[in-house]
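Reviewing the structure listed below.
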Amino acid sequence: MISIKSVSKSYGSKIVLDNINLEVPKSQIYALIGPSGAGKSTLIRSINALESIQEGEILVKGVSVHSKQTNINQLRTNIGFVFQSFNLYPHLTALQNVTYAPIHVKKMRSHDAETKGKALLASLGLEEKCNEYPGQLSGGQQQRVAIARALAMEPQLMLFDEPTSALDPEMIKEVLDSIRKLALTGMTMVVVTHEMGFAREICDKIVFMAEGKIVETAHPEQFFSNPQTERAKDFLAKVINH
Amino acid sequence: MGYMFDWSVIYDNIDLFVKGAYLSLKISAFALLLSIPIGIILGLGRVSRNKFISWLAAAYVEVFRGVPLLVLLLWIYFVLGSMLKLGSYLSAILGLALFAGAFIAEIVRAGIQSVPRGQMEAARSSGMTYVQAMRLIILPQAFRKILPPMASQFIILIKDSSLVSVIGVMDLTLYGRNIVTTSLRSLEVWSFIALIYFVITFTLSQIIRFFEKKYKVAE
Ligand SMILES: Nc1ncnc2c1ncn2[C@@H]1O[C@H](COP(=O)(O)OP(=O)(O)O)[C@@H](O)[C@H]1O
Ligand SMILES: [Mg+2]
């Protein structure tokens, strides 16, 4: 589903992505973990071209994401993106947040988009919140609306950049549960997360990054019980013992 | 104070005051209608990722903000106006609109830039084009922030319109000058004219306040 081939990027002399290679097969869930500043956001954002790259190539379903020939808007309709800070549209209701792209990008009839949007919000436990504005919702509710917004385009791939990092502890679970449910549908996903338990439980692979490089890629069981690199051992010791 | 007020100069010339006020309003209204698209296009140009477009918009803003309106009006009337046969009335509208457009551009730019970057990213990542994202997501949010400074700008424009008398447009201010010349009642005439300008601008600011309230509800 995603092939990342020799991707590099730097800001001035600072290398942010250093020769990244990664394949994410269909219906698999990959967790991207690592210390802050490792380049996780830059990498996941470059998969849907929110971020440019300087070297290498990223293919999503065989289409080169950063190629000038690619219709990036078309490609992005296949890729749902969930941000750490939700980025809901504050001037629109929860339901409008969900239906706007289907209506304006996919040209779906508003009635159909609304029916579908309501069903989606209901499936995420938000049936009561359709007509509320983001400012009236809790963080956890906002993030679930953001997930519904992404799913409304019927993407084949979902990208999450630290979806629970801006949430109070008691709201983390409701968002993780939504992602768990999505995992059961066979959705291909890449999740940047600091929730190690969650990563261990639902992910097929752990990709550990540090200083712009992929240091280790492993099955969760192996990664957490027996990390192969010093860098990963160090990191795990820090996040698990705090 | 031995000054004897004589307000009859107002009644006697009321038709001239009305005519002048009407013309001032008309010029301001046309200039305003023209300055809004100028300002929005330039404001969008300022935030454009195309370097040349943003440079061009910035250059416009700097030039038109940097020239006194009086000089701009004279220049448009005597240079551009005489080349294009615009006449004083059209020159006045054009001058006011070009001038206000530069300020509105800055207001629009600031409004757009006050919308968090994540909004554009969320819109683009759902497959919207840049233009769709601007129109559906960014501008509606910027609009709320733009309204108050825009109101001030409209009021400034109406007041600035009193300068068009220098190129011979028979606006409220020029009628006032003429009436003072014949009646020598400057206190009454200028007080009344000040009142007319105030009533116009106050009404406008109330209308805009109404819209501000109306759009604030949804948030
Ligand atoms: N616009 C930018 N200009 C300069 N450096 C940047 C910019 N964006 C990110 N960086 C740097 O790139 C590195 C990787 O950032 P990021 O991908 O956000 O890391 P992570 O998500 O793993 O915390 C960081 O060191 C950050 O300072
Ligand atoms: Mg990050």
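In what follows, chains carry the letters A, B, and so on, assigned in the order in which the sequence lines appear, proteins first and then strands, with residues in each chain numbered from 1. This one's a predicted model, so the numbers in the text were calculated from it and none came from an experiment.
Across all their heavy atoms, B:Q141 and A:P90 have their closest contact at OE1-CG, 3.2 Å.
Considering only heavy-atom pairs separated by less than 4.5 Å from chain B, the leading option among A:R76, A:R45, A:K106, A:R149 is A:R76.
Under the side chain to side chain contact (heavy atoms under 4.5 Å, CB included) rule, A:N73 has a single partner from B:M128, B:Q132, B:R124, which is B:R124.
More than 12 heavy-atom neighbours from other residues, nucleotides or ligands sit within 6.0 angstrom of CZ on A:R180. Sparse packing is recorded around OH of B:Y22, with 12 or fewer heavy atoms of other residues, nucleotides or ligands lying under 6.0 Å away. A:K107 NZ: more than 12 foreign heavy atoms inside a 6.0 Å radius. Counted within 6.0 Å of OH on B:Y197, heavy atoms from surrounding residues, nucleotides or ligands total more than 12; the atom is thus considered enclosed.
Using a distance-only test at 3.5 Å, with no hydrogens or angles considered, a donor-acceptor pair links the side chain of B:Q119 to the main chain of A:L88. In this structure, A:N48 contributes its side chain and B:S125 its backbone to no donor-acceptor pair below 3.5 Å.
B:L136 contributes atom CG, which lies 7.5 Å from atom NE2 of A:H91 (distance to the nearest 0.5 angstrom). Remark: A:I72 CD1 to B:T129 OG1 distance equals 13.0 Å, nearest 0.5 Å.
Under the 4.5 Å side-chain criterion, counting only non-hydrogen atoms from C-beta, B:S126 is not in contact with A:Y100.
Looking at A:I79, only its backbone comes within 4.5 Å of chain B, counting heavy atoms on both sides. For a residue to count as touching a neighbouring chain, one of its non-hydrogen atoms must lie under 4.5 Å from one of that chain's; by this rule A:F83 touches chain B with the side chain only. Interface residue B:E121: backbone and side-chain heavy atoms are both found under 4.5 Å from chain A.
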